[in-house]
Number of protein chains: 2
Amino acid sequence: MAHTHDGAHDLTRNQSLVLETLNAQPSPLSAYDILDRLRGAGLRAPLQVYRALDKLVAMGLAHRLESLNAFVACADAQCHRKGLIGFAICENCGRVDEFADEVIETQLGTWADRTGFSIKQTTMEIRGRCALCREAA
Amino acid sequence: MAHTHDGAHDLTRNQSLVLETLNAQPSPLSAYDILDRLRGAGLRAPLQVYRALDKLVAMGLAHRLESLNAFVACADAQCHRKGLIGFAICENCGRVDEFADEVIETQLGTWADRTGFSIKQTTMEIRGRCALCREAA
DNA sequence: ATCTGCTATGTTATGACATTACGGTGTTGC
DNA sequence: GCAACACCGTAATGTCATAACATAGCAGAT
Ligand SMILES: [Zn+2]
Ligand SMILES: [Zn+2]
Ligand SMILES: [Zn+2]
Ligand SMILES: [Zn+2]
């Protein structure tokens, strides 16, 4: 389940605990969800989790989903090399699918060039129902 | 500044107040910002604002920016007819530019078809620096 | 050895965003 | 009248995130 993200970062204790918690869960967790699961390991305050999450996100080992105010482990060892990342969030089962798309990225770049906007970061999150849940229905 | 969105909705008092507040501001406002500006008009509780915002967003007269937990008036009378809407948010001046892009929409549709995902809603928000702020620097 | 700078950590309190629960008012259609 | 519905007002609560301050550990310089 856990993968290494070739950079071979070494994580601190809190960062490792948080990342393991995210890796153990296929669907997003809020910071407070994570905290609750780590009380047994000695964590007590939200900030301990948020600080670890900040680092993990900066390293590309985890992602924040803006439309959920929640976090997932990165599902793709190379994603931080790619540019724009998108997320497809199933509203039925909670599963998140991570994808990259060069066409969209190029298109956004074109739009930015045309309008003079300088892009620092892009959030792309689609909500709906995943293939598995559609079959089940 | 305010525009009508051809549907000619008629709004309730609270809805009108909230929409006017949003229209008076080029940058996004949080629900509590809006509340503060409307205390003089008699509003007292967050829920009064959130209820109005829910309706305005449903009508397409306002949009929620997930990455800011804030709201803007719709800048485009036709946007609710178009499919996907994107937002470019300037981190310097706060201004938000609303855009639609068929190529991106098509590309997402293709991705969805290929993976079997059924899209209900898409969030696309880009952060960066707008042309005006880049000139000024 | 100790001082300094840096990073990570722990703890408390608070700020910011959003919803639940309940009761009331007014309008529409029967 | 009366039921159904949409809106409104208020209080309390829930959820997400950060500020502010204090401490511990470690590496390199003096
Ligand atoms: Zn990733
Ligand atoms: Zn699903
Ligand atoms: Zn719009
Ligand atoms: Zn700007």
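Just so we're on the same page: letters track the sequence lines, and every chain starts at 1. FYI, side chains are in, hydrogens and waters are out, and symmetry mates aren't considered; it's all heavy atoms of this structure.
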OP1 or OP2 of [N] sitting under 4.0 Å from any side-chain N/O of [X]?
| X | N | value |
| --- | --- | --- |
| B:Arg64 | C:dA18 | yes |
| A:Asn69 | D:dT15 | no |
| B:Arg44 | D:dG9 | no |
| B:Gln48 | D:dC8 | no |
| B:Lys55 | D:dA6 | no |
| A:Thr12 | C:dT9 | yes |

Can you tell me the distance, in whole Å, between the [atom1] atom of [X] and the [atom2] atom of [N]?
| X | N | atom1 | atom2 | answer |
| --- | --- | --- | --- | --- |
| A:Asp54 | C:dT7 | CG | C1' | 14 Å |
| B:Tyr50 | D:dG9 | OH | P | 17 Å |
| B:Arg13 | C:dT25 | CZ | C1' | 15 Å |
| B:Gln15 | D:dA6 | CD | C1' | 10 Å |
| A:Leu56 | C:dA8 | CG | P | 11 Å |
| A:Asn14 | C:dT7 | CG | P | 17 Å |
| A:Leu47 | D:dC21 | CG | P | 14 Å |
| A:Met59 | C:dA8 | CE | C1' | 12 Å |

(request) Using the six-membered ring wherever Trp is involved, compare the ring planes of A:Phe71 and A:Tyr50 and label them parallel, tilted or perpendicular (cut-offs 30° and 60°). (result)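 Rings of A:Phe71 and A:Tyr50: perpendicular, as their planes differ by over 60°.
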
May I ask you to check whether [X] and [Y] show a side-chain donor-acceptor distance below 3.5 Å?
| X | Y | value |
| --- | --- | --- |
| B:Gln15 | B:Arg51 | no |
| A:Arg127 | A:Ser67 | yes |
| A:Asp33 | A:Ser30 | yes |

(request) Could you tell me whether the side chain of A:Val72 reaches within less than 4.5 Å of the side chain of A:Leu65, counting heavy atoms only? (result)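 Result yes, sub-4.5 Å side-chain heavy-atom pair found.
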
(message) So A:Arg95 and A:Ser27, do their side chains get closer than 4.5 Å, heavy atoms only?
(response)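 The answer is no, as the side chains (C-beta and beyond) never meet within the 4.5 Å cut-off.
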
(message) Can you work out whether B:Gly42 or A:Pro46 has the more 5'-proximal nearest nucleotide on DNA chain D?
(response)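 Looking at the nearest nucleotide for each, B:Gly42 comes out on the 5' side.
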
(message) If you count heavy atoms of other groups shown closer than 6.0 angstrom to CZ of A:Arg64, is the number above 12?
(response)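 More than 12 heavy atoms, drawn from other residues, nucleotides or ligands, come within 6.0 Å of this atom.
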
(request) Return the residues of residues 28-41 of chain A meeting this criterion: a heavy atom under 4.0 Å from some atom of DNA chain C. Order them by number, or give none. (result)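 Contacting residues: none.
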
(message) Among C:dA18, C:dG10, C:dA21, which nucleotide has an atom closest to any side-chain atom of A:Arg51?
(response)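 For A:Arg51, the side-chain atoms sit closest to C:dG10.
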
